[in-house]
Amino acid sequence: MNKNYITTPIYYVNGEAHIGHAYTTFIADTLARHSRLLGNETYFLTGTDEHGQKIEESAKKQNKPTQEFADEISATFKNLWDEFDISYDQFIRTTDTSHKIGVQAAFEKMVANGDIYKDFYEGNYCVSCETFFPESQLMDGGCCPDCGRVTTIIKEESYFFRLSKYEKPLMEYYEAHKDFILPKSRRNEVMSFVRSGLHDLSVTRTSFSWGISVPESLNDPKHVMYVWLDALMNYVTALGYGMDEVKMDFWPANVQLVGKDILRFHAIYWPAFLMSLGLPLPKHIGAHGWWTRDGEKMSKSKGNVVDPREVAKHYGAENFRYFMMREVPFGQDGDFSQRALIDRMNSDLSNDLGNLLNRIIGMSEKYSDFAIDSVNVAQYHQKELHDADTILATLEGYFDELQIHRYLEELWKIFTIGNKAIEEHAPWVKVKEGRLNEALATVALVANLLAKASIMLHSVMPKTTATIADALGFEITTASYKALITDKGLLAPFVIKKIPPLFPRVEEPLMQEAPKAMIEEEPKKEVALKTEDKKVSTVPSEGLITIDQFFQTALKIGTVLEAQEVPKSSKLLKLQVDLGEEVPRQIIAGIREYYSAESLIGTQVCVVANLKPAKLMGMLSEGMLLAAKDSEGLSLIRPEKPRFSGSSIG
RNA sequence: GGCUGGGUAGCUCAGCUGGUUAGAGCGCUGGUCUCAUAAGCCGGAGGUCGGGGGUUCGAGUCCCCCCCCCGCCA
């Protein structure tokens, strides 16, 4: 029996669970259930990450003891997973005592083998953002790239992990294990990052205390472990690392799921830590994509965040889960919309699957008083059985590469076989001709197809498939998996249960609240319709902005004081533009192909004055020129008559 | 700016080492059965395969140039 360990990341308790957390957890749960069905000894871990400065601060804001704050948020995650019937075997918290002991043990081992040393962490620190920034990210004059304020150089004592030492071993590992990082497209990113050179990693802080302190043996109590070392270790401390180690035989993990944003930590730091500890690396790190809503990024400020609870409440938790697993290739971003969800449910679940079940319930009721017997199936439906078993045999391979959407796509062909068989053999005709055995064989064929398919669908829709199995007189277990899938067997005679349609068609969106963007769109469409027919508005009704939104952009007239070519660039000019402010703005503009530096000096231009400063070719650009570009060339937008520098446009 | 990946039907995507009329699902549309959840089944329309050169008997598939999109890095 294989040991199979599957993990989600531990979720940071700085906010409530959202669709992204749900997605990761659904995938992991699907993998875990699938593994168990195959008969593997399976351990599924999820949990919460609770240390760090941000948690400390959030708790302070709410006037709560930090632990109490962490307890509360952690519980919201656990509750959500329980609501969704997530089959985790353990819910780890980084504040668990056993985790702390394990992390300290790991730290000691790293110290012992020379991978951790004490030095000074020196960096440009933005007091306002409370963040260190590497030299390369700073703006001109050492300003913070986020807020633009001047940063200060701070020197802080810190322990470092010798990440640089693992550059080569990591590259060798990636080379030798092509499917270590999934999807494969992400592998390139990781490798190019490592190839560009790894710096040693600062793994402790003295600036906050909400974390696991370094081992007592170091006698350095002011040092607290930095979040990633602490957090990543959860995957082995959950198995008892550094303690009793009772479950360490589950290591290495089979699949460790992560969002694409934290891939680097899991594909570089984590393997390096493991190498340092002398532990084998996980077989796969799977990085999934993000979800957008109606094509837009979700954010609290837009008010278009998808609440997994809400969707589940209106559409059903497993339908939602099916949608997420089926809709998006692993690794790609997906888009959630009620339309897409409804289409998927109606087409796949209602029409293909649900209706098929209903068809044989109806026929068996009329032809045999619900009795179904596989006895003649092989005789009349050799071809269908063969086709179905062939498809079923190929499915496993998709799971190996986390291609759950392809898995489901293939699985659905079983239902097409069933629907076609009914059509082709028209049991109602056979019955009229007195060939009852043949008619019943077709019904029994479809019952078997549904049974086999529901076994394979079980990991995605556990409860729904259990209901189907119940109607078909069997249970989905490792034993029935072996009998019906592996051994290609058929159902024993049974009496089918008449159940109401499993997936009623959804005709209209069931969730009332529309995202703000949609609400605002409605009236505009009406206006466009009311316009007289002869003058049909040519303004597109979508993507309109309000006057307030327009004025969020500060457009100003500027006078070019200086202009010079940027060395090594064929496109860029460096300009000093007077916007009526104390100091002229430096603007880097990509117009060298169309304007010479001399020709610009003294002329006026239109400038976006409140653009976030950006660095181009290492130079700060504090604004953008307006210009019109087409296939013929580019032309700057200028005031028709001279205006004072800094005049606003609008 | 550097490096990946990609640009194929209305939408989402498949097309391995170049080879008959470029595929699937959804959507649209015509027909048809009646066991079934206005479901099923059969058929159809719809693509100058991002643009331009080139190699070849033959290129979506190889080479060069250009444009655009996503991602990672800077």
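Everything numeric in this text was worked out from a predicted model, so none of it was measured. Order of the sequence lines sets the chain letters (A, B, ...), proteins ahead of strands, with each chain counted from 1. Hydrogens, waters and symmetry mates play no part in the numbers below; they use all other heavy atoms, side chains included.
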Which base sits across from [N] as a Watson-Crick or G-U pair, both distances under 3.5 Å?
N     : result
B/G10 : B/C26
B/U4  : none
B/C16 : none

Determine the interatomic distance between C1' on B/A24 and the same-named atom on B/G47; round to the nearest Å.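 Straight-line distance between the two C1' atoms is 14 Å.
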Could you give the distance separating B/C62 and B/U20 at their P atoms, to the nearest angstrom?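 Pairwise P distance, B/U20 against B/C62, rounds to 16 Å.
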For [X] and [N], give me the distance from atom [atom1] to atom [atom2], rounded to whole Å.
X        : N     : atom1 : atom2 : result
A/Arg326 : B/A24 : CZ    : P     : 15 Å
A/Tyr322 : B/C26 : OH    : C1'   : 12 Å
A/Arg406 : B/G15 : CZ    : C1'   : 12 Å
A/Glu401 : B/A14 : CD    : P     : 14 Å

Can you tell me whether the side chain of A/Asn358 and the base of B/A36 have a donor-acceptor pair closer than 3.5 Å? no
Distance below 4.0 Å between [X] side-chain N/O and [N] OP1 or OP2:
X        : N     : answer
A/Asn188 : B/G71 : no
A/Gln332 : B/C13 : yes
A/Arg359 : B/G40 : no

Is [X] salt-bridged to [Y], cutoff N-O under 4.0 Å?
X        : Y        : answer
A/Glu423 : A/Arg359 : yes
A/Lys430 : A/Glu433 : no
A/Lys413 : A/Glu410 : yes

Between A/Phe415 and A/Trp412, is the ring-ring contact (aromatic ring centres under 6.0 Å, His included) condition met? List the steps. CA-CA 5 Å; A/Phe415 302 126; A/Trp412 243 249; 4.8 Å; yes
Minimum-distance nucleotide to A/Thr416 side chain [options: B/C41, B/G71, B/U37]: B/C41
Between B/G40, B/U37, B/G71, which one does the side chain of A/Glu189 approach most closely? B/G71
Looking at every strand, decide which applies to A/Asn419 at a 4.0 Å heavy-atom threshold: base, sugar-phosphate, or nothing.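 Result for A/Asn419 = sugar-phosphate.
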Using a heavy-atom cut-off of 4.0 Å across all strands, would you classify A/Arg344 as base, sugar-phosphate, or nothing? nothing
Could you pick out which residue, A/Met363 or A/Phe415, lies toward the 5' side of RNA chain B when each is mapped onto its nearest nucleotide? A/Met363
Non-neighbouring partners of A/Glu189 that pass salt bridge (charged side-chain N to carboxylate O under 4.0 Å, His left out), sequence neighbours left out: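 Partners of A/Glu189 under the salt bridge (charged side-chain N to carboxylate O under 4.0 Å, His left out) test: A/Arg186.
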